[in-house]
Q: 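Here it is, the structure, as structure tokens.
Small disclaimer: the values here were computed from a predicted structure and weren't measured. Just so you know, residue 1 is the first one in the sequence shown, and it goes up from there.
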Amino acid sequence: MFSRLAANTLRGTRTALPSSTRSYASSAAPSSSVSHLAPYILGAGLVGGGVYYYTQNPTLRADEQAKAGTARGGALGAGSGGAQIQGTEATKEGGVKVKGESALSPDEFRSFKIVEVIPYNHNTSRFVFALPEGTSSGLTVASALVCKAAKEGEGLNDKGKPVIRPYTPVTAPDVTDKLELLIKHYKGGAFTEYLWKLKPGDSISMKGPIPKHPWKPNQYESVAMIAGGSGITPMWQVLQAIDANPEDKTKATLIFSNVTEEDILLRKEFEDLAAKKPDQFKVVFTLDQPPKNWNGPTGYVSDKVITDALKEFGTTPDKGEKVKIFVCGPPGQVKAVSGPKKSMKEQGPLDENSVLKKLGYSAEQVFRF
Ligand SMILES: Cc1cc2nc3c(=O)[nH]c(=O)nc-3n(C[C@H](O)[C@H](O)[C@H](O)COP(=O)(O)OP(=O)(O)OC[C@H]3O[C@@H](n4cnc5c(N)ncnc54)[C@H](O)[C@@H]3O)c2cc1C
């Protein structure tokens, strides 16, 4: 599906971002990528060591954000799994809300057992957690959860405080009995180095939801999602919600950049969506290091990649409030595409030199996770 889409809709093109950005996005800082990383780190050691802008204020670590940002509510929940979503009820805003008990709490950390660790690719694994029988995560769309070590005294930072990091489950909010995180391993990463030592039977503490952009069905005619590396998981959460709600006619175009083909997370899921509902979902993958037979765009997410991809569903700047662009990825990519978020709570203006600004989009049309 992708090849067809790519061949039909996009031509290869060079871009405006340094390759270091994408190396950061989808590789776990392997030694071979050091030369790629150098310019980024040089310019941005800056952003708290590459923790995603989609998190946060560049100066604020997730640990601090977690303390500050676990406000309840604000979002509509939605489930997955076809036309009729089980265990959900309609809300007056037109969305769906997960019924029944939530396993997670926004007010306290709760411990969940890892039941399975399934390698996904060279640096990413699926962590499957058991939820109490009959409960679901209860996360709203779009929202995240935060994780820390469940065992006292473990997973601490160099100041002796627990390392806390946000993640977006890949299981939909109404899935009961289990929750799955798709996590990329960062060499030297405070939390993922700890996580990679754990085994099935061990536990992790979680708290949530951490609300992001409250998804309202049909609030926009169309949305675009520009993601890099593991910044893809919030996009998948929103796409699942749209797909699960037959009343939601929002059209969505995903532009997903990675270093190599192997780095593309959830590729089959996106291709299946685009194949199932081609008039509603469109996906474009861009690669820094494409294989010989690659038909899609290569390099960074440039103005041309965005313009070409968003033409079909008319996600253009002149549409005002009818369109939204979601951005989520590594700092270098976010900086080039939109400019960073002003702070944890404020989106702030678009960077004057960013691709979206130059294309004519307004700050109100853009949301960074
Ligand atoms: C809303 C949200 C949802 C997210 N969802 C997911 C998800 O589903 N899956 C996922 O994999 N990730 C997700 N993330 C990212 C995740 O929260 C963590 O940032 C990521 O796992 C890295 O954490 P870490 O503690 O292992 O690495 P960190 O310690 O934060 O470091 C990250 C990298 O930067 C390097 N580094 C650290 N400090 C410096 C420095 N001073 N200078 C230069 N380099 C430095 C480290 O060596 C490492 O390679 C999400 C983030 C947000 C905000």
Q: Give a yes or no on whether Ile242 and Ile232 share a hydrophobic cluster (residues Ile, Leu, Val, Met, Phe, Trp, Tyr; joining criterion: side-chain heavy atoms under 4.5 Å apart).
A: yes
Q: Verify the distance criterion only: is there a donor paired with an acceptor across the side chains of Glu193 and Tyr186 at less than 3.5 Å?
A: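 Judged by distance alone, the side chains do not pair up.
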Q: Any side-chain donor paired with an acceptor under 3.5 Å for Thr250 and Glu221?
A: no
Q: Quick check: is Val323 connected to Val305 through a chain of hydrophobic side chains (ILVMFWY, heavy atoms under 4.5 Å apart)?
A: no
Q: Looking at OH of Tyr167 and NZ of Lys184, how far apart are the two atoms once the value is rounded to the nearest 0.5 Å?
A: 11.0 Å
Q: With sequence neighbours left out, write down each residue that passes salt bridge (Lys or Arg N to Asp or Glu O under 4.0 Å) with Glu261, or none if nothing qualifies.
A: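 In terms of salt bridge (Lys or Arg N to Asp or Glu O under 4.0 Å), with neighbours along the sequence ignored, Glu261 is linked to Arg267.
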Q: Give me the atom names and distance for the closest heavy-atom approach of Ile226 to Gln333.
A: CG2-NE2, 4.4 Å
Q: What pair of heavy atoms forms the shortest contact from Cys328 to Gly231, and how long is it?
A: SG-O, 3.0 Å
Q: Any carboxylate oxygen within less than 4.0 angstrom of a Lys/Arg side-chain nitrogen, looking at Lys277 and Asp243?
A: yes
Q: Suppose the criterion is salt bridge (charged side-chain N to carboxylate O under 4.0 Å, His left out): which pairs have a residue in residues 108-134, not counting sequence neighbours?
A: Glu108-Arg110, Arg126-Glu180
Q: Can you name the nearest heavy-atom pair linking Lys282 to Asp308, along with the distance?
A: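 Smallest heavy-atom distance, with atoms named: NZ-O, 4.5 Å.
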Q: Are Phe270 and Trp236 an aromatic pair, judged by ring center distance below 6.0 Å?
A: yes
Q: Give me the atom names and distance for the closest heavy-atom approach of Ser136 to Leu131.
A: C-CD1, 3.7 Å
Q: Could you check whether the rings of Trp215 and Phe326 sit parallel, tilted or perpendicular, using 30° and 60° as the cut-offs?
A: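 Aromatic pair Trp215/Phe326 classed tilted.
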Q: Taking ILVMFWY side chains as joined if any heavy atoms are under 4.5 angstrom apart, and letting links pass through other members, which residues group with Ile118?
A: Val115, Val128
Q: State yes or no: do Val117 and Tyr194 share one hydrophobic cluster built from I, L, V, M, F, W and Y residues joined by side-chain heavy-atom distances below 4.5 Å, directly or via other members?
A: yes
Q: Honestly, is Lys148 close enough over Phe109, meaning NZ or CZ under 6.0 Å from the six-membered ring centre and within 45° of the axis?
A: yes
Q: Any idea which heavy atoms bring Gly134 and Thr176 closest together, and the distance?
A: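 Heavy atoms only, the tightest pair is O-CG2, 3.8 Å.
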Q: Between Thr140 (side chain only) and Ala142 (backbone N and O only), is there a donor and an acceptor less than 3.5 Å apart?
A: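 Side chain of Thr140 to backbone of Ala142, a donor-acceptor pair under 3.5 Å: no, none is there.
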Q: Determine the sole option in Ile255, Thr315, Val223, Val337 for which the side chain to side chain contact (heavy atoms under 4.5 Å, CB included) test with Ile325 is passed.
A: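 The option that passes is Thr315.
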Q: Identify the two heavy atoms, one from Ser222 and one from Phe313, that lie closest to each other, and give their separation to 0.1 Å.
A: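 For Ser222 and Phe313, the tightest heavy-atom pair comes out as OG-O, 3.6 Å.
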Q: Between Trp196 and Phe127 (judged by ring centroids, cut-off 6.0 Å), do the two rings come close enough to count as a pair?
A: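 Here the rings of Phe127 and Trp196 have centres that are less than 6.0 Å from each other.
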Q: In Å, rounded to the nearest 0.5 Å, how long is the span from CG of Leu254 to CG of Leu273?
A: 9.5 Å
